[in-house]
Amino acid sequence: MKLDNVFKKTRLPKRRGQGAADTRGPEVPEGLLRKCNMCKEAIIAEDVKKGNYICPKCGGYFRMHAYRRIESVTDEDAFEEWDRGLSTKNPLQYKGYEEKLAALQERTGLDEAVITGKARIGGEETALAVCDGRFFMASMGEVVGEKITRAVERATAQRLPLIIFTCSGGARMQEGIVSLMQMAKTSAALKRHNDAGLLYITVLTDPTTGGVTASFAMLGDVILAEPNALIGFAGPRVIGQTIGQKLPKGFQRSEFLLEHGFIDAIVERPQMKEALSRLLKLHKGGKLQRQDTAAEARQTLKIPPELDKARAWDRVLASRQKGRPVGKDYIEALFTDFTELHGDRHFGDDQAIIGGIANFRGMPVTVIAQEKGRDTKENIQRNFGMPSPDGYRKALRLMKQAEKFHRPVICFVDTPGAFCGVEAEERGQGEAIARNLYEMSALQTPILSIVIGEGGSGGALAMATADEVWMLENSIYSILSPEGFASILWKDSSKAQEAAEVMKLTAGDLYALGIIERALSEPAELTAQNIQSVTQPLGKWMEEFLEKYGDMDGQELTQHRYDRFRKM
């Protein structure tokens, strides 16, 4: 929406005590003072333009013109426009359509509702397309579809990443079925861009609806959104009128989509350029830079099984100890530039699993962790580290994305087991775990899984079908909890301590059985404060792992992984 259209013109109030000749007060220059149509406060239009088109009073977002959007996210003088001047046809011979097009072109200075071209963001080259809502509410007609398709094709040919800022009311009614076909055309071009192993980022702005949502808007490798943007297929008014129900507060807004697993992150407009620059750099790749420090060299790399004399039950208690480092602690200690990505693209964003892209000593990697939380509030929020089907599907989505971009996958395992509630069964907990095992077995990128606490049953294995599995000294990995084992086999859960000894669930036991490749010693009481005693040698091991498996091609990796489990 044009800035002027979302403000109501206002005047300063009259001053008291003035004569009849001066009752209006000083004149305000045309266009200087406006009223925000969200908070109804008087604001200065120029301040809004300089402030990323955000209301300085309420923080509400106004719709941004395409060229101003380009200026805000690209490096200075770094945008080269493509395909300017494509002419729109009138395929249905719709009366008055051509005149309306001409009027909009005259008023906006645009040829059509999208601007495409090549740009640099933070020094990184990318293809870029930006929709402009002033032109038929950025509805997708033939020219919009054609410009986007050409931009995708050029990005594919030049091996460029692609970023599209969406804003649309959907398909263009005046072009009928021709408009509908643009959904398929743009999607087909994006499939070729994807198959070429190239990055595609979408940024959803207000509103993104209809056929644009059901095509190129929701196909990004990474999907970002501005705060409170309306995003959906059918608009809330249509849905409300069709089903006759009152829709929930915030329905189809960015925050709603984040909660339901359909977007990766909400990024505020002033931080958008930095976020895009970081994503482009993380996808550019990089070589591992080894850090052979003396501190790392002095660490013990293996626990000889014969020296592992602690009772199994003591290991169980240590793995569950309050204050033991959780997944986030390892991510913060071992990686830089961690960018969390959210959602399974189907139902939700399970907070029992966190994942995203990070740098490990110069190399981009995908990091995924089962997360219990650091305090009671977080424990509840993250369901005590017991993932739902949505969490496993999120993890698999990130792993498949890592495979596309040839990024190694590092998993941190810490769960009592997969969540066993009614809703988990309704959404297919067994299928989600099975799908992870199936896909991870053939994933053509290195996978390392590290058990940092509890490794419970199939809920742990769904993130540990890896090239190698390592364990911390006081972690456990088992078919189920000792309490569950005793309850099932001996009908007495109080025999959990005895069960722990029988189950062979410690790092020493599993190393001897050939189930894991490495075990790492740790202090008697491991905390976030002394985590470096673990992460320093762990970092060196990870370097060795990435060098070893990074030299293998996809077929070698999958054969090695198959052989690993085939021996068990």
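Throughout, numbering of the chain's residues begins at 1 and tracks the sequence.
Side-chain contact between Met183 and Met140 is present, with at least one heavy-atom pair separated by less than 4.5 Å. Contact of the Phe136 side chain with the Lys100 side chain is registered, since non-hydrogen atoms from C-beta on lie closer than 4.5 Å. At a threshold of 4.5 Å between non-hydrogen side-chain atoms, the residues His283 and Asp221 do not count as touching. Side-chain atoms of Ile163 and Ile121, non-hydrogen and from C-beta on, do get closer than 4.5 Å to each other. Residues Asp350 and Phe419 have side chains not in contact (no heavy-atom distance under 4.5 Å, counting atoms from C-beta outward). Counting heavy atoms from C-beta outward, Ile368 and Val409 have side chains that approach closer than 4.5 Å. Between His65 and Leu110, the closest side-chain pair of non-hydrogen atoms is not below 4.5 Å. Thr209 places a side-chain heavy atom less than 4.5 Å from the side chain of Leu230.
Listed by first then second residue, pairs satisfying salt bridge (Lys or Arg N to Asp or Glu O under 4.0 Å) with a partner in residues 192-205 read Lys191-Asp195, not counting sequence neighbours.
Within the 3.5 Å criterion, the main-chain N or O of Gly169 finds no donor-acceptor partner in the side chain of Ser139. Thr213 places a side-chain N or O within donor-acceptor distance of the main-chain N or O of Thr208, the cut-off being under 3.5 Å. Checked by atom type and distance alone, the side chain of Asp75 pairs as donor or acceptor with a backbone atom of Gly122 at under 3.5 Å. Judged purely by atom type and a 3.5 angstrom limit, Gln370 uses its side chain to pair as donor or acceptor with the backbone of Gly459. Of the possible donor and acceptor atoms, none in the side chain of Tyr53 sits under 3.5 Å from a partner among the backbone N and O of Arg69. No side-chain donor-acceptor contact under 3.5 Å links Asp206 to the backbone of Ala229. Side-chain atoms of Thr202 never come within 3.5 Å of backbone atoms of Ile164 as a donor-acceptor pair (strictly under, hydrogens ignored).
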**Asked** Hey, mind stepping through Glu259 and Arg253 against salt bridge (charged side-chain N to carboxylate O under 4.0 Å, His left out) and telling me if it holds?
**Response** CA-CA 10 Å; Glu259 180 183 348; Arg253 295 290 169 176; over 6 Å; no
**Request:** Would you check, one step at a time, whether the test salt bridge (charged side-chain N to carboxylate O under 4.0 Å, His left out) holds for Lys400 with Glu403?
**Result:** CA-CA 5 Å; Lys400 296 295 287 183; Glu403 180 182 46; 3.2 Å; yes
**Message:** As a quick check of understanding, evaluate side-chain contact (heavy atoms from CB on, under 4.5 Å) for Leu247 and Ile239, giving each step before the final call.
**Reply:** CA-CA 8 Å; Leu247 302 176; Ile239 294 173; 3.8 Å; yes
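No more than 12 heavy-atom neighbours from other residues, nucleotides or ligands sit within 6.0 angstrom of CD on Glu76. Within 6.0 Å of atom CD in Gln93, more than 12 heavy atoms from other residues, nucleotides or ligands are found, so the atom counts as buried in its surroundings. Remark: Gln105 CD is packed, more than 12 non-hydrogen atoms of other residues, nucleotides or ligands lying under 6.0 Å away. The environment of CZ in Phe233 is sparse: at most 12 heavy-atom neighbours from other residues, nucleotides or ligands sit within 6.0 Å.
With respect to the salt-bridge test (charged N to carboxylate O, under 4.0 angstrom), the residues Asp390 and Arg427 qualify. A salt bridge does not link Arg159 with Glu125: every distance from a Lys NZ or Arg NE/NH1/NH2 to an Asp or Glu carboxylate oxygen is 4.0 Å or more. A salt bridge links Glu124 and Lys284; the closest N-O separation between the charged side-chain nitrogens and carboxylate oxygens is under 4.0 Å. Salt bridge absent: Glu175 and Lys89 never bring a charged side-chain N and a carboxylate O closer than 4.0 Å. Salt-bridge check for Glu371 with Lys394: failed, with every basic side-chain N at 4.0 Å or more from each acidic carboxylate O. One finds no salt bridge joining Asp47 and Lys57 here, because no Lys/Arg side-chain nitrogen approaches an Asp/Glu carboxylate oxygen to under 4.0 Å.
In this structure, CD on Glu268 lies 7.0 Å from CD1 on Ile54, to the nearest 0.5 angstrom. Here the straight-line distance linking atom CG of Leu257 with atom CD1 of Ile223 works out to 9.0 Å at 0.5 Å rounding. Between atom OG1 of residue Thr366 and atom CD1 of residue Ile447 there is a gap of 10.5 Å, rounded to the nearest 0.5 Å. Once rounded to the nearest 0.5 Å, the distance linking CG of Leu198 with NE2 of His193 reads 4.0 Å. Considering CG of Asp553 and CD of Gln444, their distance stands at 8.0 Å, rounded to 0.5 Å. Atom CD1 of Ile43 and atom SG of Cys58 lie 7.5 Å apart (nearest 0.5 Å).
For the pair Arg150 and Trp82, the cation-pi criterion (under 6.0 Å, within 45° of the ring axis) is not fulfilled. A cation-pi arrangement is found for Arg435 relative to Tyr438, the charged atom lying closer than 6.0 Å to the ring centre and inside a 45° cone about the ring normal.
A side-chain donor from one of Tyr97 and Arg172 sits under 3.5 Å from a side-chain acceptor of the other. Residues Glu423 and Ser388 have side chains that never bring a donor and an acceptor to within less than 3.5 angstrom of each other. A donor-acceptor contact under 3.5 angstrom links the side chains of Gln401 and Arg407, judged on distance only.
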